[in-house]
Amino acid sequence: MIRFESVSKSYPGQKLPALDGVDVEIRRGEFVFLVGASGSGKSSFLRLILKEERPTTGEVFVLGQELAKVSSRKVPYFRRAIGVVFQDFRLLQGKTVYDNVAFSLRVIGKSRGFIRSAVPETLKLVGLEGKEKRMPGELSGGEQQRVAIARAIVNKPAILLADEPTGNLDPVTSAGIMALLARINEGGTTIVMATHEAGIVNEMRRRVIELSAGEVVRDEAHAGYHPDAVDALSAAAIAGDESAEAAVPDPDEEAEVDEESTAAVESVATGEIPVAAIPVPVPAAAAPKVEAIDLREAPPLYVEPEATDDVTEEAARITQAATAAVPIQHPSTGATPAIPAAAEAVPELPEHLTLAERLGLRAPGGSKPGDDEQEVGPTR
Ligand SMILES: Nc1ncnc2c1ncn2[C@@H]1O[C@H](COP(=O)(O)OP(=O)(O)OP(=O)(O)O)[C@@H](O)[C@H]1O
């Protein structure tokens with residue numbers, strides 16, 4: 001479904017590559033956590049899957065297509081098979097919940113009838129029934145993230161990419177979002193999620209791909225955020241604790257563990273293992289009230305455009321009306337990323353992309369710089 005073959009990615013002006021010789025295969029239906037320190041390359045990995053960036057060397061295959069061979073014109077159609085969720089939600093602030101979700105369908109020219117049935121259905125799936133008319137500012141962070149997830153899945157993508165989707169949420173709300181993502185995954189959608197949240201990774205026990213300085217240093221099934229942390233917790237549990245949570249030292253009470261597990265518990269106590277690495281139980285109250293989400297009948301990768309020229313024009317009008325300008329800047333460098341000169345023949349994408357273009361809903365180049373309301377992209 002997703003395959004990286006010897007992929008390296010270097011950005012102009014950076015001494016070290018963001019990704020360095022990455023070989024990874026992610027199969028259909030997997031739930032993969034992408035972990036690693038800040039700057040280790042997680043967002044670059046996601047951007048390569050979306051074809052927002054191109055590898056400097058190596059090949060990226062997504063849904064059976066070698067991305068280097070997907071022309072710029074076809075990129076929006078390719079991206080329709082991929083939903084994206086960001087840490088900061090990126091909702092259109094001037095639009096209702098309903099319109100935020102409907103927007104992505106209107107832009108690709110779906111009929112009014114389709115939108116009228118798909119949007120309420122999806123909002124119900126994510127637990128937002130009855131909140132259709134609310135504005136984003138009238139929602140909690142968790143609810144806003146549910147709107148963003150609804151927008152990402154309303155077109156039934158085969159792949160959902162999530163870049164730190166719980167980064168702005170408290171632990172209970174995060175647990176609800178993770179339960180929702182797990183249900184979406186159970187429905188057949190492949191999920192790749194970049195995260196720093198050790199508690200979530202340890203609780204979910206899914207495949208973990210760990211990056212360090214752009215290299216894959218661990219690729220492990222049913223894994224925790226940190227191998228040592230998991231070992232310590234397992235050791236404590238095996239040593240007779242009721243649950244792995246018992247490995248958390250209580251400052252007022254000595255933990256009753258045998259000698260073998262003492263070292264493990266001490267490493268938690270001394271901070272070698274971050275407290276955040278302790279599994280976080282998912283509170284029942286946080287479980288979203290959603291139905292099973294079956295996205296198995298995801299559309300094929302290359303659906304021919306449903307939009308006629310007229311509809312495309314209309315979509316462009318909607319996009320322009322809904323968006324305003326912001327140049328895309330890298331948060332640490334402050335620099336607008338230059339597209340690296342690549343040896344391939346694919347036409348270069350413009351630096352300024354509208355919301356619809358970033359979400360893969362419309363071909364790039366139809367708008368002028370200055371048309372974006374929001375920056376959208378996995379890391380921005
Ligand atoms: N557009 C860009 N231009 C120049 N350098 C970049 C760009 N995007 C990322 N980098 C650099 O590439 C490296 C990897 O960045 P990336 O954003 O992929 O890491 P990350 O693991 O997602 O980090 P974080 O967890 O902080 O989001 C970093 O050194 C970063 O500064």
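Keep in mind that this is a model prediction, so the values were computed, not measured. We count ligands from 1, going down the list as the structure has it; atoms in each ligand are counted the same way.
- Without hydrogens or angle criteria, T122 side chain to V154 main chain gives no donor-acceptor distance under 3.5 Å.
- Remark: ligand 1 atoms within the under-4.0 Å shell around heavy atoms of R47 are 8 (N), 9 (C).
- The closest donor-acceptor contact from the side chain of Q145 to the backbone of P165 lies under 3.5 Å.
- Between the side chain of K42 and the backbone N or O of M193 there is no donor-acceptor pair closer than 3.5 Å.
- A donor-acceptor pair is defined here as one N or O able to donate and one able to accept, closer than 3.5 Å; no such pair exists between the side chain of D20 and the backbone of S8.
- Set against the non-hydrogen atoms of A18, the atoms of ligand 1 under 4.0 Å away are 12 (O), 13 (C), 14 (C).
- Nearest residue to atom 5 (N) of ligand 1 from Q14, K9, K42 is Q14 (criterion: closest heavy atom).
- Judged purely by atom type and a 3.5 angstrom limit, R79 uses its side chain to pair as donor or acceptor with the backbone of K51.
- Under a 4.0 Å criterion applied to the non-hydrogen atoms of S38, ligand 1 contributes the atoms 23 (O), 24 (P), 25 (O), 26 (O).
- Between E53 and ligand 1, no N or O atom pair is found at a separation short of 3.5 Å.
- The heavy atom nearest to atom 27 (O) of ligand 1, considering only G13, S43, G39, is found in S43.
- Cation-pi geometry between R3 and F61 is met: the NZ or CZ atom falls under 6.0 Å from the ring centre, inside 45° of the normal.
- In summary, the atoms of ligand 1 found under 4.0 Å from a heavy atom of A37, numbered by their order in the structure, are 21 (O).
- Residues E143 and L128 have side chains in contact (heavy-atom distance under 4.5 Å, counting atoms from C-beta outward).
- For the ligand labelled ligand 1, residue S40 lies inside the 4.0 Å heavy-atom shell.
- Distances below 4.0 Å separate heavy atoms of E164 from the following atoms of ligand 1: 25 (O), 27 (O).
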